[in-house]
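I have placed the structure first, in the form of structure tokens, so that the comments after it can refer back to it.
Bear in mind the structure is a predicted one, so any value in this text is a computation, not a measurement.
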Amino acid sequence: MEVQVLLGLTHFVFRAAPVLNATDESAQSRRARPDWPNLVLLVAYALAIGITIHFHAIWRDEMQAWLIARDSADLPSLFHNLHYEGHAALWYLLLMPLARLSRDPVLMQTLQFLVATTTVAMVLWRAPLSLFERALFPFGYFAFYEYAVKSRGYALGCLFVFLFCALWARRRQSPVAIALVLAMTANVDILFMILSIAAVLALIVDWLTVGPADGGKGDAGWPLYLLAIIVVSCGWTLAVATALPPSDSGVAGWFFGRSPYRLDRVLIVLSTLFTPHGLNWMSLPTVAILLVALIRYRENLPATAFLSTSVLGLLIFFYTRIPPAPWRSGLIVVAFTAAVWIDRVPATRASRKALVPPVVFGIVLAFQAYAGVKAVWTDLRQPLSRGRDVARFIVEKGWARDPVVGALDYTTAPIVGYLGIDRAYYLNARRWGSFGIWDKRRLEPVDMEQALASATQFAPNATLVISPGIDVDPAILRKFDFVEVAEFSGAVEPFENYTIYRRPTEATPSPQAH
């Protein structure tokens, strides 16, 4: 199926090739083009993601961030909690004031909507793209779903990366503004710090190869360049300091050995340029595109430096530190799009030959759009998580004031967030809390009988939530008077289907399927 779609989209884009040619635009020509196509595209995009966000069921990673921002008492405790996440702080800092206004995570989704639509608006009005490319970009998998419908900090990172691209034409006049953008980029997520470093390298290469703008007349001068260096260095330092794991971290450390399995998983990341599903053979077209860009490196050294450093840095990080996932692998697409943008700024190209041929970029956008529309359609038809439905069920039954006991912290988090309760008892970590803490304690073997004894001691009227993959002896459940009352299945995320148990029960109900 994927092969047929790819061939069909490739044929379509090649037929549209004449539309893709004139993509190098000056600021004057961008101002001269009509606004109505951009307005139509932006309104269509906003309506589509707004409707999808409304029906989207928040899953564990989204809710984890919301609960950390909600339940961190102050900034020191927030940064303490983020050490276990390995994330930088900017997204959480934006969520904190919202969580003080209301416990309803819809506020996080509202922020996500604003960030996503702002990013797409910037691309539509500022990026040197043809109308065909502008029509496809907003509906790509990452712009349309992964970094739009899902409430994650990655959308904020995309906004800053593309803001850097929009400022590229003024890189000699506004170095401090660019430094601020790149410092904030690094503080969205440690992965975006790789793109921030690549952007600085592109600026250095540009300075060494192109020289001062307008013979030095338009240059900001060394004092401002020095200030820019200080600003971006402080941003990087803060990002690293926030993401450093504590001594009791339960997350695996760095890996520098030889592992064919890890290497295979990392190389599959390259296929993300065409599909988020990780298909081995689809890494080959990406390798071919990157080789063409490297062959043409003399056409635009800064864009080449940015693209190659970003891709190589991400692959090394995925191999040595954290395994790839669609939301992480998407930074390959972000870096690729940013490199095309930088390459098309007329003042930075030595000749008219594009680093990435417009037809190739069109094919990438077309395949991304197919994946994006498909993902949104799936999300509307099938929930990503059943956590919201479980929370509604608990409220309908009148159990919202009773304690919740979860077999796993990170899979129970969506239920806690939707209920708006202060805490639940997590059996795997044997403690009360709202968000999961990725420390060594949660990795220790659990005596389920002892854990349930501890939970029921403080929660006699408990609602027990069991996720798939958790093996609990029915005899132990009967010992503590837990009776199955409902089962929630059908979620896209398999670990966020749930079986609900209750104690005590006035009358033993028949389990309900949902």
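- Checked by atom type and distance alone, the side chain of D189 never pairs as donor or acceptor with a backbone atom of H87 at under 3.5 Å.
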Inset, instruction - Start with the C-alpha gap between Y154 and V334, add the side-chain angles, then the distance that decides, and say whether side chain to side chain contact (heavy atoms under 4.5 Å, CB included) holds. - result: CA-CA 10 Å; Y154 293 92; V334 175; over 6 Å; no
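- Here the shortest heavy-atom pairing between F142 and P326 reads CE2-O, 3.2 Å.
- Checked by atom type and distance alone, the side chain of Y498 never pairs as donor or acceptor with a backbone atom of I415 at under 3.5 Å.
- Note that CG of N81 is 6.5 Å distant from CD1 of I437, once rounded to the nearest 0.5 Å.
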Inset, instruction - Please report the C-alpha distance between Q112 and S151 in whole Å, then the side-chain angles of each, then the deciding distance to 0.1 Å, and finally whether the side-chain hydrogen bond (donor to acceptor under 3.5 Å, both in side chains) criterion is met. - result: CA-CA 5 Å; Q112 177 71 13; S151 297; 4.6 Å; no
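- Using a 4.5 Å cut-off on side-chain heavy atoms (C-beta onward), F361 and T337 make contact.
- Partner H56 forms a side-chain hydrogen bond (donor to acceptor under 3.5 Å, both in side chains) with one of K150, E62, Q109 and no other, that one being E62.
- S259 places a side-chain N or O within donor-acceptor distance of the main-chain N or O of R262, the cut-off being under 3.5 Å.
- Between the side chain of T320 and the main chain of W254, no donor-acceptor pair closer than 3.5 Å is present.
- Q64 places a side-chain N or O within 3.5 Å of a backbone atom of G436 that can act as its donor or acceptor partner.
- The closest donor-acceptor contact from the side chain of S310 to the backbone of L307 lies at 3.5 Å or more, if one exists at all.
- No donor-acceptor pair closer than 3.5 Å links the side chain of E493 to the backbone N or O of P383.
- Two residues are said to be in side-chain contact when any heavy atoms from C-beta on lie closer than 4.5 Å; V240 and M193 meet this criterion.
- Across every non-hydrogen atom of Y84 and V251, the tightest pair is O-CG2, 4.2 Å.
- Y297 is listed as a side-chain neighbour of L301, based on a closest heavy-atom distance under 4.5 Å.
- Using a 4.5 Å heavy-atom threshold, the side chains of S329 and E146 count as separate.
- In terms of modelled atom types and a separation under 3.5 Å, the side chain of N38 and the main chain of D35 share no donor-acceptor contact.
- In F255, the CZ atom is crowded: over 12 heavy atoms of neighbouring residues, nucleotides or ligands sit closer than 6.0 Å.
- Using a 4.5 Å heavy-atom cutoff, the side chains of L67 and R70 are in contact.
- Taking 4.5 Å as the limit, some side-chain heavy atom of R344 sits within range of a side-chain heavy atom of L129.
- A 4.5 Å side-chain heavy-atom check between V364 and V356 finds every atom pair outside the cut-off.
- Taking CG of L238 as the start and CG of N187 as the end, the distance is 4.5 Å to the nearest 0.5 Å.
- In this structure, L355 CG and I342 CD1 are separated by 10.5 Å, a value rounded to the nearest 0.5 Å.
- Residues D389 and Y418 form no side-chain contact, since every pair of their non-hydrogen atoms from C-beta on lies 4.5 Å or further apart.
- In this structure, the separation between CZ on F336 and CD1 on I289 is 5.0 Å, given to the nearest 0.5 Å.
- Atom OH of Y261 has 12 or fewer neighbouring heavy atoms from other residues, nucleotides or ligands inside a 6.0 Å radius.
- Remark: the backbone N or O of G490 is paired with a side-chain donor or acceptor of Q382 at under 3.5 angstrom.
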Inset, instruction - Determine, step by step, whether F488 and R388 satisfy the side chain to side chain contact (heavy atoms under 4.5 Å, CB included) criterion, reporting the C-alpha distance in whole Å, the side-chain angles of both residues, the deciding distance to 0.1 Å, and the verdict. - result: CA-CA 11 Å; F488 292 80; R388 179 176 58 186; over 6 Å; no
Inset, instruction - Mind running side chain to side chain contact (heavy atoms under 4.5 Å, CB included) on V200 and W236 for me, showing each step along the way? - result: CA-CA 11 Å; V200 169; W236 290 351; 3.5 Å; yes
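- Here R172 pairs with D206 in a salt bridge; the nearest charged N to carboxylate O distance falls below 4.0 Å.
- Under the 3.5 Å distance criterion, the side-chain polar atoms of T411 are left unmatched by any main-chain donor or acceptor of S467.
- Of all the heavy atoms in G257 and Y319, the pair that sits closest is O-OH, 2.7 Å.
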Inset, instruction - Report the C-alpha separation of L98 and W66 in whole Å, then their side-chain angles, then the decisive distance to 0.1 Å, and conclude whether the side chain to side chain contact (heavy atoms under 4.5 Å, CB included) test is met. - result: CA-CA 9 Å; L98 297 180; W66 174 254; 4.2 Å; yes
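- The CG atom of L314 sits 12.0 Å away from atom CZ of R328, with the distance rounded to the nearest 0.5 Å.
- Evaluated for a ring-ring contact (aromatic ring centres under 6.0 Å, His included) with F139, the options F144, Y145, Y370 yield exactly one hit, F144.
- With rounding to the nearest 0.5 Å, the separation of CH2 in W125 from CG in L41 is 8.5 Å.
- Screening W59, F192, Y141 for a ring-ring contact (aromatic ring centres under 6.0 Å, His included) with W327, the sole residue that qualifies is W59.
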